[in-house]
Protein chains: 2
Amino acid sequence: MKQLPRISQAEWQVMKVFWTKPLSTANDVIDALSDDAEWKPATIKSLINRLVKKGALGFKQEGKVYLYYPLVTEEECLQAESKSFLQRLYGGALKPLLVNFLKHEDLTKEDIEELKQILNERKS
Amino acid sequence: MKQLPRISQAEWQVMKVFWTKPLSTANDVIDALSDDAEWKPATIKSLINRLVKKGALGFKQEGKVYLYYPLVTEEECLQAESKSFLQRLYGGALKPLLVNFLKHEDLTKEDIEELKQILNERKS
DNA sequence: ATCTTAAGATTACAAGTGTAATCGGATTAT
DNA sequence: ATAATCCGATTACACTTGTAATCTTAAGAT
(Lines give C-alpha, C1' and ligand atoms only; values in the text may rest on other atoms or scores of the structure.)
Protein backbone atom coordinates (compact mmCIF):
# COMPACT_ATOMS: atom_id res chain seq x y z
CA MET A 1 0.00 0.00 0.00
CA LYS A 2 1.26 3.44 -0.91
CA GLN A 3 2.60 5.14 2.10
CA LEU A 4 0.70 8.18 3.13
CA PRO A 5 2.30 11.55 3.51
CA ARG A 6 1.70 12.90 6.91
CA ILE A 7 -0.71 15.79 6.83
CA SER A 8 -0.61 18.40 9.55
CA GLN A 9 -3.63 19.98 11.13
CA ALA A 10 -3.58 23.14 9.08
CA GLU A 11 -2.94 21.15 5.96
CA TRP A 12 -5.86 18.95 6.74
CA GLN A 13 -8.19 21.90 6.44
CA VAL A 14 -6.92 22.48 2.96
CA MET A 15 -7.15 18.84 1.97
CA LYS A 16 -10.75 18.81 3.03
CA VAL A 17 -11.54 21.36 0.41
CA PHE A 18 -9.91 19.29 -2.30
CA TRP A 19 -11.56 16.13 -1.12
CA THR A 20 -14.90 17.85 -1.30
CA LYS A 21 -14.19 19.44 -4.63
CA PRO A 22 -11.23 18.05 -6.55
CA LEU A 23 -9.74 20.07 -9.37
CA SER A 24 -10.00 23.28 -7.46
CA THR A 25 -7.73 26.23 -7.94
CA ALA A 26 -5.83 27.87 -5.14
CA ASN A 27 -8.37 30.66 -5.23
CA ASP A 28 -11.21 28.22 -4.88
CA VAL A 29 -9.66 27.08 -1.66
CA ILE A 30 -9.07 30.60 -0.51
CA ASP A 31 -12.72 31.34 -1.14
CA ALA A 32 -13.87 28.16 0.48
CA LEU A 33 -11.91 28.93 3.60
CA SER A 34 -12.56 32.65 3.64
CA ASP A 35 -15.72 32.25 5.69
CA ASP A 36 -13.73 31.23 8.67
CA ALA A 37 -11.33 33.98 7.67
CA GLU A 38 -8.62 32.33 9.62
CA TRP A 39 -5.82 32.56 7.09
CA LYS A 40 -4.33 35.09 4.78
CA PRO A 41 -4.42 33.95 1.13
CA ALA A 42 -0.65 33.63 1.17
CA THR A 43 -0.91 31.16 3.98
CA ILE A 44 -3.26 28.95 2.06
CA LYS A 45 -0.98 29.02 -0.95
CA SER A 46 1.90 27.95 1.26
CA LEU A 47 -0.09 25.05 2.56
CA ILE A 48 -1.06 23.98 -0.91
CA ASN A 49 2.57 24.08 -1.92
CA ARG A 50 3.61 21.93 0.97
CA LEU A 51 0.92 19.45 0.17
CA VAL A 52 2.16 19.20 -3.38
CA LYS A 53 5.71 18.69 -2.14
CA LYS A 54 4.53 16.02 0.24
CA GLY A 55 2.76 14.21 -2.53
CA ALA A 56 -0.68 14.74 -1.10
CA LEU A 57 -1.81 16.89 -3.98
CA GLY A 58 -1.20 16.75 -7.71
CA PHE A 59 -2.14 19.37 -10.25
CA LYS A 60 -2.57 20.01 -13.92
CA GLN A 61 -2.25 23.28 -15.65
CA GLU A 62 -5.47 24.60 -17.08
CA GLY A 63 -4.69 27.71 -19.03
CA LYS A 64 -2.79 29.87 -16.63
CA VAL A 65 -3.86 28.36 -13.37
CA TYR A 66 -3.36 25.02 -11.73
CA LEU A 67 -6.13 22.67 -10.93
CA TYR A 68 -5.11 20.70 -7.87
CA TYR A 69 -6.45 17.34 -6.91
CA PRO A 70 -5.84 14.93 -4.04
CA LEU A 71 -3.38 12.10 -4.55
CA VAL A 72 -4.58 10.42 -1.39
CA THR A 73 -8.15 9.68 -0.49
CA GLU A 74 -9.86 11.12 2.51
CA GLU A 75 -10.85 7.61 3.46
CA GLU A 76 -7.32 6.32 3.74
CA CYS A 77 -6.07 9.40 5.54
CA LEU A 78 -8.94 9.32 7.97
CA GLN A 79 -8.30 5.67 8.51
CA ALA A 80 -4.63 6.20 9.22
CA GLU A 81 -5.17 9.17 11.49
CA SER A 82 -7.91 7.47 13.39
CA LYS A 83 -5.83 4.41 13.90
CA SER A 84 -2.88 6.37 15.20
CA PHE A 85 -5.15 8.40 17.43
CA LEU A 86 -6.64 5.25 18.85
CA GLN A 87 -3.21 3.85 19.45
CA ARG A 88 -1.70 6.91 20.95
CA LEU A 89 -4.44 7.98 23.29
CA TYR A 90 -6.22 4.79 24.12
CA GLY A 91 -3.39 2.36 23.78
CA GLY A 92 -5.21 0.78 20.88
CA ALA A 93 -8.24 -0.23 22.90
CA LEU A 94 -11.28 0.63 20.90
CA LYS A 95 -13.92 0.16 23.51
CA PRO A 96 -12.72 2.85 25.91
CA LEU A 97 -12.55 5.26 23.04
CA LEU A 98 -16.08 4.50 22.01
CA VAL A 99 -17.33 4.66 25.54
CA ASN A 100 -15.72 8.00 25.99
CA PHE A 101 -17.19 9.47 22.85
CA LEU A 102 -20.56 7.96 23.49
CA LYS A 103 -20.68 9.38 26.95
CA HIS A 104 -19.61 12.89 26.27
CA GLU A 105 -20.75 13.85 22.83
CA ASP A 106 -24.12 14.64 21.38
CA LEU A 107 -26.19 12.10 19.55
CA THR A 108 -29.74 12.24 18.38
CA LYS A 109 -32.15 9.43 18.97
CA GLU A 110 -31.86 8.57 15.30
CA ASP A 111 -28.09 8.47 15.49
CA ILE A 112 -28.34 6.03 18.32
CA GLU A 113 -30.68 3.79 16.40
CA GLU A 114 -28.40 3.84 13.43
CA LEU A 115 -25.37 2.97 15.50
CA LYS A 116 -27.18 0.09 17.07
CA GLN A 117 -28.02 -1.02 13.58
CA ILE A 118 -24.37 -0.98 12.66
CA LEU A 119 -23.48 -2.91 15.75
CA ASN A 120 -26.09 -5.49 14.91
CA GLU A 121 -24.78 -5.93 11.43
CA ARG A 122 -21.27 -6.58 12.55
CA LYS A 123 -21.72 -9.70 14.48
CA SER A 124 -18.10 -10.05 15.59
CA MET B 1 -11.88 25.72 33.87
CA LYS B 2 -8.12 25.63 34.01
CA GLN B 3 -6.72 25.68 30.58
CA LEU B 4 -4.84 22.59 29.61
CA PRO B 5 -1.26 22.66 28.46
CA ARG B 6 -0.93 21.05 25.13
CA ILE B 7 0.84 17.74 25.39
CA SER B 8 2.71 16.36 22.41
CA GLN B 9 2.74 12.74 21.36
CA ALA B 10 6.04 11.87 22.94
CA GLU B 11 5.10 13.75 26.07
CA TRP B 12 1.87 11.84 26.22
CA GLN B 13 3.79 8.63 26.68
CA VAL B 14 5.48 10.10 29.68
CA MET B 15 2.28 11.49 31.15
CA LYS B 16 0.74 8.07 30.92
CA VAL B 17 3.33 6.79 33.33
CA PHE B 18 2.57 9.51 35.84
CA TRP B 19 -1.14 9.06 35.45
CA THR B 20 -0.73 5.40 36.16
CA LYS B 21 1.63 5.97 39.02
CA PRO B 22 1.81 9.50 40.40
CA LEU B 23 4.73 10.51 42.54
CA SER B 24 7.22 8.72 40.36
CA THR B 25 10.82 9.72 39.95
CA ALA B 26 12.43 10.32 36.62
CA ASN B 27 14.09 6.96 36.95
CA ASP B 28 10.78 5.28 37.53
CA VAL B 29 9.65 6.60 34.21
CA ILE B 30 12.85 5.57 32.55
CA ASP B 31 12.35 2.09 33.88
CA ALA B 32 8.71 2.00 32.98
CA LEU B 33 9.48 2.95 29.41
CA SER B 34 12.62 0.92 29.06
CA ASP B 35 10.73 -2.11 27.85
CA ASP B 36 9.90 -0.40 24.64
CA ALA B 37 13.47 0.83 24.75
CA GLU B 38 12.54 3.64 22.48
CA TRP B 39 14.27 6.48 24.24
CA LYS B 40 17.59 7.24 25.83
CA PRO B 41 17.25 8.22 29.49
CA ALA B 42 18.30 11.74 28.62
CA THR B 43 15.39 12.01 26.27
CA ILE B 44 12.92 11.06 28.93
CA LYS B 45 14.38 13.60 31.30
CA SER B 46 13.97 16.23 28.64
CA LEU B 47 10.37 15.35 28.20
CA ILE B 48 9.74 15.47 31.92
CA ASN B 49 11.32 18.88 32.06
CA ARG B 50 9.15 20.20 29.29
CA LEU B 51 6.10 18.85 30.99
CA VAL B 52 7.03 20.65 34.16
CA LYS B 53 7.58 23.87 32.24
CA LYS B 54 4.26 23.46 30.53
CA GLY B 55 2.52 23.01 33.82
CA ALA B 56 1.48 19.44 33.15
CA LEU B 57 3.62 18.06 35.95
CA GLY B 58 4.44 19.27 39.42
CA PHE B 59 7.00 17.82 41.75
CA LYS B 60 8.17 17.80 45.30
CA GLN B 61 11.61 17.10 46.52
CA GLU B 62 11.97 13.92 48.46
CA GLY B 63 15.49 13.74 49.79
CA LYS B 64 17.66 14.24 46.78
CA VAL B 65 15.23 13.30 44.07
CA TYR B 66 12.04 14.79 42.77
CA LEU B 67 8.74 13.05 42.90
CA TYR B 68 6.71 14.22 39.98
CA TYR B 69 2.95 14.15 39.75
CA PRO B 70 0.39 15.18 37.15
CA LEU B 71 -1.21 18.60 37.44
CA VAL B 72 -3.81 17.66 34.87
CA THR B 73 -5.95 14.56 34.87
CA GLU B 74 -5.87 11.98 32.17
CA GLU B 75 -9.60 12.32 31.90
CA GLU B 76 -9.56 15.98 31.04
CA CYS B 77 -6.68 15.62 28.63
CA LEU B 78 -8.30 12.70 26.91
CA GLN B 79 -11.49 14.64 26.72
CA ALA B 80 -9.82 17.65 25.19
CA GLU B 81 -7.78 15.65 22.72
CA SER B 82 -10.73 13.58 21.68
CA LYS B 83 -12.85 16.60 21.16
CA SER B 84 -10.27 18.33 19.05
CA PHE B 85 -9.71 15.16 17.08
CA LEU B 86 -13.41 14.86 16.44
CA GLN B 87 -13.57 18.46 15.36
CA ARG B 88 -10.53 18.40 13.19
CA LEU B 89 -11.04 15.17 11.32
CA TYR B 90 -14.76 14.72 11.32
CA GLY B 91 -15.85 18.31 11.43
CA GLY B 92 -17.37 17.64 14.80
CA ALA B 93 -19.81 15.04 13.56
CA LEU B 94 -19.72 12.19 16.00
CA LYS B 95 -21.64 9.64 14.02
CA PRO B 96 -19.22 9.37 11.11
CA LEU B 97 -16.41 8.94 13.56
CA LEU B 98 -18.20 6.18 15.35
CA VAL B 99 -19.22 4.52 12.13
CA ASN B 100 -15.66 4.59 10.95
CA PHE B 101 -14.28 3.07 14.10
CA LEU B 102 -17.04 0.55 14.36
CA LYS B 103 -16.50 -0.59 10.82
CA HIS B 104 -12.77 -0.91 10.80
CA GLU B 105 -11.58 -1.85 14.21
CA ASP B 106 -11.77 -5.03 16.17
CA LEU B 107 -14.51 -5.66 18.64
CA THR B 108 -15.47 -8.81 20.42
CA LYS B 109 -19.03 -9.95 20.64
CA GLU B 110 -18.99 -8.90 24.26
CA ASP B 111 -17.74 -5.45 23.40
CA ILE B 112 -20.58 -5.08 20.98
CA GLU B 113 -23.13 -6.06 23.55
CA GLU B 114 -21.68 -3.65 26.02
CA LEU B 115 -21.73 -0.82 23.55
CA LYS B 116 -25.34 -1.49 22.71
CA GLN B 117 -26.00 -1.36 26.40
CA ILE B 118 -24.43 2.05 26.61
CA LEU B 119 -26.42 3.23 23.66
CA ASN B 120 -29.59 2.03 25.27
CA GLU B 121 -28.84 3.83 28.46
CA ARG B 122 -28.32 7.14 26.81
CA LYS B 123 -31.66 7.75 25.32
CA SER B 124 -30.57 10.91 23.50
C1' DA C 1 38.65 16.37 52.54
C1' DT C 2 38.51 14.67 48.00
C1' DC C 3 36.59 11.99 44.25
C1' DT C 4 32.92 9.96 41.97
C1' DT C 5 28.30 9.69 40.82
C1' DA C 6 23.91 10.76 39.83
C1' DA C 7 19.97 14.05 39.40
C1' DG C 8 18.02 17.92 37.64
C1' DA C 9 19.10 22.10 34.56
C1' DT C 10 20.80 23.89 30.53
C1' DT C 11 22.00 23.73 25.85
C1' DA C 12 21.79 21.67 21.12
C1' DC C 13 20.04 20.99 16.84
C1' DA C 14 17.46 19.36 12.91
C1' DA C 15 12.81 18.74 11.16
C1' DG C 16 8.12 20.07 11.04
C1' DT C 17 4.47 23.67 11.54
C1' DG C 18 1.87 27.93 11.49
C1' DT C 19 1.85 31.93 9.30
C1' DA C 20 3.01 35.01 5.93
C1' DA C 21 5.72 38.32 2.68
C1' DT C 22 8.11 38.78 -1.51
C1' DC C 23 9.89 37.47 -6.10
C1' DG C 24 9.52 36.44 -11.03
C1' DG C 25 7.18 35.58 -14.88
C1' DA C 26 2.98 35.45 -17.50
C1' DT C 27 -1.48 37.74 -18.63
C1' DT C 28 -4.45 41.46 -19.19
C1' DA C 29 -5.60 46.11 -19.45
C1' DT C 30 -4.29 50.69 -21.27
C1' DA D 1 4.43 48.44 -26.11
C1' DT D 2 3.93 49.26 -21.37
C1' DA D 3 2.03 48.98 -17.05
C1' DA D 4 -0.66 46.72 -13.73
C1' DT D 5 -2.16 42.33 -11.96
C1' DC D 6 -2.26 37.76 -10.69
C1' DC D 7 -0.38 33.25 -9.81
C1' DG D 8 2.76 29.88 -8.46
C1' DA D 9 7.59 29.63 -6.41
C1' DT D 10 10.78 30.98 -3.15
C1' DT D 11 12.13 32.73 1.14
C1' DA D 12 11.30 33.95 6.06
C1' DC D 13 10.97 33.22 10.69
C1' DA D 14 9.54 31.96 15.22
C1' DC D 15 7.78 28.05 17.80
C1' DT D 16 7.22 23.20 18.71
C1' DT D 17 8.81 18.60 18.75
C1' DG D 18 11.88 14.59 18.81
C1' DT D 19 15.97 13.39 20.37
C1' DA D 20 19.89 13.76 23.05
C1' DA D 21 24.52 15.49 25.14
C1' DT D 22 26.70 18.34 28.52
C1' DC D 23 26.92 21.12 32.75
C1' DT D 24 26.39 21.93 37.67
C1' DT D 25 25.81 20.80 42.00
C1' DA D 26 25.03 18.01 45.88
C1' DA D 27 25.38 13.50 48.05
C1' DG D 28 27.80 9.39 48.86
C1' DA D 29 32.13 6.78 48.77
C1' DT D 30 36.96 6.36 50.07
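Reckoned from all heavy atoms, side chains included, excluding hydrogens, waters and symmetry mates. Naming: A, B, ... by sequence-line order, numbering from 1 per chain.
Against DNA chain C, the stretch residues 60-69 of chain B makes heavy-atom approaches under 4.0 Å through B/Val65, B/Tyr66, B/Tyr68. Taking every heavy atom of residues 45-57 of chain A and every atom of DNA chain C, pairs under 4.0 Å involve A/Ser46, A/Leu47, A/Arg50, A/Lys54, by number. Taking a 4.0 Å limit (strictly below) on heavy-atom distances, residues 20-29 of chain B does not reach DNA chain D anywhere. Listed in residue order, the members of residues 77-87 of chain A having a heavy atom less than 4.0 Å from DNA chain D come to none.
Among residue pairs with one or both ends in residues 81-93 of chain B, those qualifying as salt bridge (Lys or Arg N to Asp or Glu O under 4.0 Å) are A/Glu105-B/Lys83; sequence neighbours excluded. Evaluation of the side-chain hydrogen bond (donor to acceptor under 3.5 Å, both in side chains) test over residues 54-67 of chain B, restricted to residues two or more places apart or in two chains, returns B/Glu11-B/Lys54. Applying the salt bridge (Lys or Arg N to Asp or Glu O under 4.0 Å) test to residues at least two apart or on different chains, the pairs with a partner in residues 17-27 of chain B are B/Lys21-B/Asp28.
Under the rule for a salt bridge (Lys or Arg N to Asp or Glu O under 4.0 Å), A/Asp31 has no partner lying at least two apart in sequence or in another chain. Residues satisfying the salt bridge (Lys or Arg N to Asp or Glu O under 4.0 Å) test with B/Glu114, not counting sequence neighbours, are A/Lys95. Listed by chain and residue number, nothing satisfies the side chain to side chain contact (heavy atoms under 4.5 Å, CB included) test with B/Ser46 (two or more places apart in sequence, or in another chain). For B/Ala32, the side chain to side chain contact (heavy atoms under 4.5 Å, CB included) partners are B/Val17, not counting sequence neighbours.
Per the geometry, CZ belonging to B/Arg6 stands 9 Å off P belonging to D/dT16, to the nearest Å. The distance from atom CD1 of A/Ile30 to atom P of D/dC6 is 12 Å, rounded to the nearest whole Å.
Using cut-offs of 30° and 60° for the angle between ring planes, the B/Phe85 and A/Phe85 rings count as parallel.
Side-chain atoms of A/Thr43 do not come within 3.5 Å of backbone N or O of A/Trp39 as any donor-acceptor pair. The backbone N or O of A/Thr108 lies less than 3.5 Å from a partner atom in the side chain of A/Asp111, making a donor-acceptor pair. Side chain of A/Asn100 to backbone of A/Leu97: no donor-acceptor contact under 3.5 angstrom is found.
On the nucleic acid side, DNA chain C has its first and last nucleotide under 4.0 Å of a heavy atom of chain B at C/dA7 to C/dA12, going 5' to 3'.
Between A/Ala42 and A/Ser8, the one whose closest nucleotide on DNA chain C sits nearer the 5' end is A/Ser8.
Under the 4.5 Å side-chain criterion, counting only non-hydrogen atoms from C-beta, B/Val72 is in contact with B/Met15. Within the 4.5 Å cutoff, side-chain heavy atoms of B/Gln13 are placed close to those of B/Lys16.
Follow the hydrophobic side-chain contacts under 4.5 Å out from A/Ile30 and you reach A/Val52 in the same cluster.
Closest heavy-atom contact between A/Ile112 and B/Leu119: CG2-O, 3.8 Å.
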